Structure formats: structure tokens, C-alpha cells
Peer 1: 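Please read through the structure below; I'll follow up with questions.
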Amino acid sequence: MPGYVPICPITVTSDTLDVISTISLTLAFFSLAPNSYKTVSGYIHSVSPVKKAANSQTKYFNCSIQTNDTVVRAVCFNPDKKPHLEKIQKGKTAVTLFNVRSSIKDEVESVVIQNNTKMQPVVLPFSYKDISMMSSLPSLASLQDVSLEQLVEVKAKLTRLTAVKTQNNRFGQTLQKQEAILVDHTTSIKVILWQEHCNTLTEEKTYRLRNLRIKESYGTRYLNTPKSEHFEFEEIPAFTQTLAAVATDIESLSQAKMSAKIIGVQTATKSLSCVACKKKVTIKTSGQIANCQSCKLMQKVNACSPQWILKILFQNTNNISEKVAIMLFHQEVTKLATLSSDINLNLISEEELILTLLEMDSEFLITYNTSSNKLIDVSQINI
């Protein structure tokens with residue numbers, strides 16, 4: 001019979017389950033068709049608490065079934081079956097589940113344990129294993145269906161690893177970042193490694209990566225190492241399947257260029273920086289002494305340099321419906337200021353700077369990071 005594998009009769013003895021002590025059973029068929037009913041044999045792992053569906057009162061719980069060479073994800077909508085599955089899990093007993101419904105998406109199988117699913121002990125030619133070492137991981141293509149900000153675990157080959165770069169955040173902190181492309185047999189996706197995770201991975205190697213966070217910028221998803229959760233990775237054997245083609249390079253995934261005009265300024269912040277560490281200072285009530293909030297250095301106010309942060313709304317001159325709010329830190333503000341003879345950042349006030357920018361009728365070529373919306377480069381277009 002096409003699509004089925006016959007299994008010979010076997011005799012099973014079990015001291016773990018109270019259901020039977022000795023049984024003789026025949027597993028007639030093992031179906032491989034998607035969205036079909038089948039029989040699955042293996043070990044039960046990770047029985048979850050009973051949950052409620054987000055948009056209904058439907059109750060369900062999850063578990064995993066360790067088969068010979070993979071881990072199948074399972075869901076059950078009958079909470080009455082949970083104690084029995086927990087007992088099987090605790091005893092590490094091999095069982096056969098009859099009449100489960102199978103579904104395959106992106107080459108990852110899931111099963112639904114039905115009300116009429118029967119479970120019986122069985123002797124299997126493989127032993128109980130730690131499923132964390134063999135779990136079926138989601139494909140990169142399936143991440144399009146996962147909620148943003150979720151932590152995920154993936155298997156992928158790392159390619160097109162960039163050099164470590166620095167980037168200032170909105171608090172004026174300088175952060176290290178490194179970008180690469182992850183690829184599997186379904187698609188590719190950009191990953192950003194931050195701070196201590198830079199220079200930890202090697203190009204062209206295949207990894208199991210845990211606790212990457214799903215992000216999105218302008219409709220394109222990418223993965224980030226998390227701020228607080230523990231990011232883990234381990235090198236694993238390479239894919240046996242043919243990998244998806246990587247159609248774009250890392251720069252095109254992380255940067256965009258646009259011919260644009262300034263149509264608004266959302267924020268303009270001027271602060272004074274310490275002569276020693278360049279961090280922000282506060283001015284004492286006398287108005288003559290500044291105190292560094294970081295290194296605690298006391299200094300004259302007139303010795304401190306101004307630091308600017310702007311958030312400017314640019315309009316694409318080739319598509320006026322496209323508007324992008326771009327963040328400029330002091331280095332980028334300084335470069336923009338050189339394009340106008342009317343801007344002296346040491347003397348100009350916040351209101352004067354805003355007005356000068358809004359009166360600039362020039363067209364600019366801007367390059368910005370699509371993940372952070374931070375300006376990378378700006379130049380004036382000569383018309």
C-alpha cells in the first residue's frame with residue numbers, strides 16, 4: 001500500500017503503566033501523508049499546563065513526542081488526557097498513539113491528539129533521549145507567522161558576516177554590533193549580534209541558536225540577540241538539504257538610500273558634554289560649574305562642548321507618500337550642519353536650528369539603517 005510502512009506484531013511487557021501488564025499488539029500502518037490520520041510511536045516529553053486559546057474559551061495543552069530521529073510537536077484539546085500523558089512522561093515509557101491527526105507545514109510535522117486517540121505501551125528499537133539535543137526546530141520561513149518580539153530557536157548556516165561596527169543609541173551610549181545572514185533550506189534572514197555576542201560566531205558554519213528575538217523594520221523581519229535573556233549557540237552538523245539561495249547581501253538588508261527633503265523636525269536636543277569622558281553634564285545653580293553625571297568631574301561650563309541629537313522627518317522626493325523619521329546623533333548632526341553656512345552648532349539655539357533646517361530647500365541623498373532608522377550618511381544633491 002503506497003505511503004504506509006507495515007510493522008510486524010510484537011509483545012510488550014510494562015511495569016510502568018497500570019493499564020496493562022502484558023499486551024500483544026500489531027501496528028498495521030504508519031501514514032506519512034500530511035493532514036491525515038496516523039499512528040505515532042515514541043516517548044512523551046514536555047507536557048504543558050492546560051491553557052486557554054487567546055480568542056476563545058477553548059482549552060488545550062501541548063507536549064512533544066520523541067520518535068526515532070526527530071521530535072514531533074503535539075497539541076491536545078481534551079484536558080482529561082493530560083494526567084495519563086503526564087504519567088507516561090514521568091515513567092519514560094515508550095507508547096504508540098493510535099488515530100492522531102497529522103499536519104506538515106514548512107517540512108515540520110505537528111500532530112493533534114484526538115478524543116478517540118488511544119495510547120498503548122510498546123517496545124521500540126530506540127531509547128529515551130534528551131529532546132533538547134534533537135528537537136524539530138522551526139524553519140526560517142515559518143518565522144513569518146510568529147509574533148514579533150517572541151524569542152525563537154533556529155537551526156541555520158551563518159553567512160556574509162560583517163565586521164564589528166559601533167552605533168550610538170538614543171541615550172548616547174556607544175554599542176557594538178555585527179550583522180550576518182542566516183540561511184536554511186527554506187529562506188534566509190538577517191541576524192544582528194550586539195555587544196558581547198559580536199565575534200562569537202564563525203562564517204559558513206551551521207549553528208543551533210537559542211533565544212533570538214524576532215524584530216521587524218519596514219515590513220522586513222530580522223533576528224536580534226536579546227538584551228536580558230541568555231543567548232546560546234552551539235555548532236551542529238551541516239544541513240543535508242540544499243540551502244535556499246541568498247539573493248541579497250547584508251548591506252542591502254540593513255541599509256537604505258533615499259533622495260529626500262526635510263519636511264519636519266520631531267525633536268532637537270542640545271546638551272553639554274564632559275571635557276574628559278564626553279558624557280552629559282549638569283550645570284550647578286551658579287551657572288558657571290558643570291558636573292559630569294558619569295565621571296563626576298567638575299569643570300567650567302564654557303569648557304564643555306555641545307552635543308546634539310535630532311530626529312528629522314524626511315520625505316522621499318521620488319515618492320512623496322514615503323516619509324521616514326531619521327535619528328541623527330551628534331556626529332551626523334555635525335555633518336548635516338556643514339551643508340549650511342547658517343549653522344554654528346556651538347552658538348545656535350535649539351529653536352534657531354529647527355528653523356534653519358526647515359528653511360533648507362535642498363535635496364539630500366541620505367543613507368540610513370533600516371533597523372534603527374539612524375542616519376549613516378548625508379550629502380547634498382546638486383540640481
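The analysis underlying the following values was restricted to heavy atoms, covering all of them including side chains, and did not include hydrogens, waters or symmetry mates. Being a predicted model, the structure only gives us computed values, none of them experimental.
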Peer 1: Would you say that more than 12 heavy atoms from the other residues, nucleotides or ligands in this model lie under 6.0 Å from the NZ of Lys280, or not?
Peer 2: no
Peer 1: Between Gln178 and Thr162, is there a side-chain donor-acceptor contact under 3.5 Å, judged purely by atom types and distance?
Peer 2: no
Peer 1: How about Phe98 and Val40: do any of their side-chain heavy atoms sit closer than 4.5 Å?
Peer 2: no
Peer 1: Would you call Cys277 and Cys292 a side-chain contact if the rule is heavy atoms closer than 4.5 Å?
Peer 2: yes
Peer 1: Is any side-chain N of the basic residue among Lys157 and Asp184 closer than 4.0 Å to the acidic one's carboxylate O?
Peer 2: no
Peer 1: In this structure, are over 12 heavy atoms from other groups packed under 6.0 Å from Lys279 atom NZ?
Peer 2: no
Peer 1: Quick one: do Lys90 and Glu86 make a salt bridge, cutoff under 4.0 Å?
Peer 2: no
Peer 1: With no hydrogens and no angle check, is any side-chain donor or acceptor of Thr186 less than 3.5 Å from a backbone partner on Ser139?
Peer 2: no
Peer 1: Do we get Lys190 above Tyr222's six-membered ring, with its NZ or CZ under 6.0 Å from the centre and within 45° of the axis?
Peer 2: yes
Peer 1: Between the side chains of Asp377 and Lys257, is the shortest nitrogen-to-carboxylate-oxygen separation below 4.0 Å, so that they form an ion pair?
Peer 2: no
Peer 1: Under 4.5 Å between side-chain heavy atoms, counting indirect links through other Ile/Leu/Val/Met/Phe/Trp/Tyr residues: same cluster for Leu358 and Leu336 or not?
Peer 2: yes
Peer 1: Within the 3.5 Å criterion, strictly below it, is a donor on Lys81 or Asn115 matched to an acceptor on the partner's side chain?
Peer 2: no
Peer 1: Given 3.5 Å as the limit, does a donor-acceptor pair link the side chain of Ser188 with the main chain of Val183, or not?
Peer 2: no
Peer 1: For His45 and Tyr128, I'd like to know if the aromatic rings sit close, meaning centre-to-centre distance below 6.0 Å.
Peer 2: yes
Peer 1: Using a strict threshold of under 4.0 Å (side-chain N to carboxylate O), is an ion pair present between Glu234 and Arg210?
Peer 2: yes
Peer 1: Keeping the roles fixed (side chain from Asn373, backbone from Ala325), state whether a donor-acceptor pair exists under 3.5 Å.
Peer 2: yes
Peer 1: With a 4.5 Å cut-off on side-chain heavy-atom distances among I, L, V, M, F, W and Y, is there a chain of contacts connecting Val281 to Leu297?
Peer 2: no
Peer 1: Without hydrogens or angle criteria, can the side chains of Ser349 and Glu352 be said to hold a donor-acceptor pair below 3.5 Å?
Peer 2: yes
Peer 1: Within the side chain of Asn291, is there an N or O that forms a donor-acceptor pair under 3.5 Å with the backbone of Met298?
Peer 2: no
Peer 1: Is the side chain of Thr117 donor-acceptor paired with the backbone N or O of Ile113 at a distance under 3.5 Å, no angle test?
Peer 2: no
Peer 1: Are the side chain of Lys92 and the backbone of Gln89 linked by a donor-acceptor contact shorter than 3.5 Å?
Peer 2: no
Peer 1: Is it true that atom CD of Gln288 has more than 12 heavy atoms of other residues, nucleotides or ligands lying nearer than 6.0 Å?
Peer 2: no
Peer 1: Under 3.5 Å, is there a donor-acceptor pair between the Thr159 and Glu204 side chains?
Peer 2: yes
Peer 1: Identify which one of Leu143, Leu182, Leu151 satisfies the side chain to side chain contact (heavy atoms under 4.5 Å, CB included) criterion when paired with Leu212.
Peer 2: Leu182
Peer 1: Does Val72 reach the side chain of Ser102, with side-chain heavy atoms less than 4.5 Å apart?
Peer 2: no
Peer 1: Decide yes or no for Leu328 and Ile312: does some side-chain heavy atom of the first lie under 4.5 Å from some side-chain heavy atom of the second?
Peer 2: yes
Peer 1: Do Lys155 and Tyr207 meet the cation-pi criteria used here (NZ or CZ under 6.0 Å from the six-membered ring centre, within 45° of the axis)?
Peer 2: no
Peer 1: Look at the side-chain heavy atoms of Ile, Leu, Val, Met, Phe, Trp and Tyr, link any pair under 4.5 Å apart, and say whether Leu272 and Ile348 land in one connected group.
Peer 2: no
Peer 1: Measure up the Phe231 and His197 rings against each other and bin them: parallel (under 30°), tilted (30 to 60°), perpendicular (over 60°).
Peer 2: perpendicular
Peer 1: Hey, any chance Trp308 and Val275 share a hydrophobic cluster, counting ILVMFWY side chains that come within less than 4.5 Å of each other, even indirectly?
Peer 2: no
Peer 1: Report yes or no: does Arg213 contribute a side-chain atom to a donor-acceptor pair with the main-chain N or O of Asn224 at less than 3.5 Å?
Peer 2: no
Peer 1: Does some side-chain heavy atom of Ile309 sit less than 4.5 Å from a side-chain heavy atom of Thr267?
Peer 2: no
Peer 1: Answer yes or no: is there a donor N or O on one side and an acceptor on the other, between the side chain of Glu332 and the main chain of Phe329, under 3.5 Å?
Peer 2: yes
Peer 1: Should we count CD of Glu229 as having more than 12 external heavy atoms under 6.0 Å?
Peer 2: yes
Peer 1: Assess the residue pair Leu223 and Ile214 against the criterion (side-chain contact (heavy atoms from CB on, under 4.5 Å)); give the C-alpha distance rounded to whole Å, side-chain angles, the decisive distance to 0.1 Å, and a yes or no.
Peer 2: CA-CA 5 Å; Leu223 297 171; Ile214 298 180; 3.8 Å; yes
Peer 1: Are the side chain of Glu203 and the backbone of Arg160 linked by a donor-acceptor contact shorter than 3.5 Å?
Peer 2: yes
Peer 1: Checking Glu363 against Thr317: is there a side-chain donor and acceptor pair closer than 3.5 Å?
Peer 2: yes
Peer 1: What do you reckon, is CG of Leu148 surrounded by more than 12 foreign heavy atoms closer than 6.0 Å?
Peer 2: yes
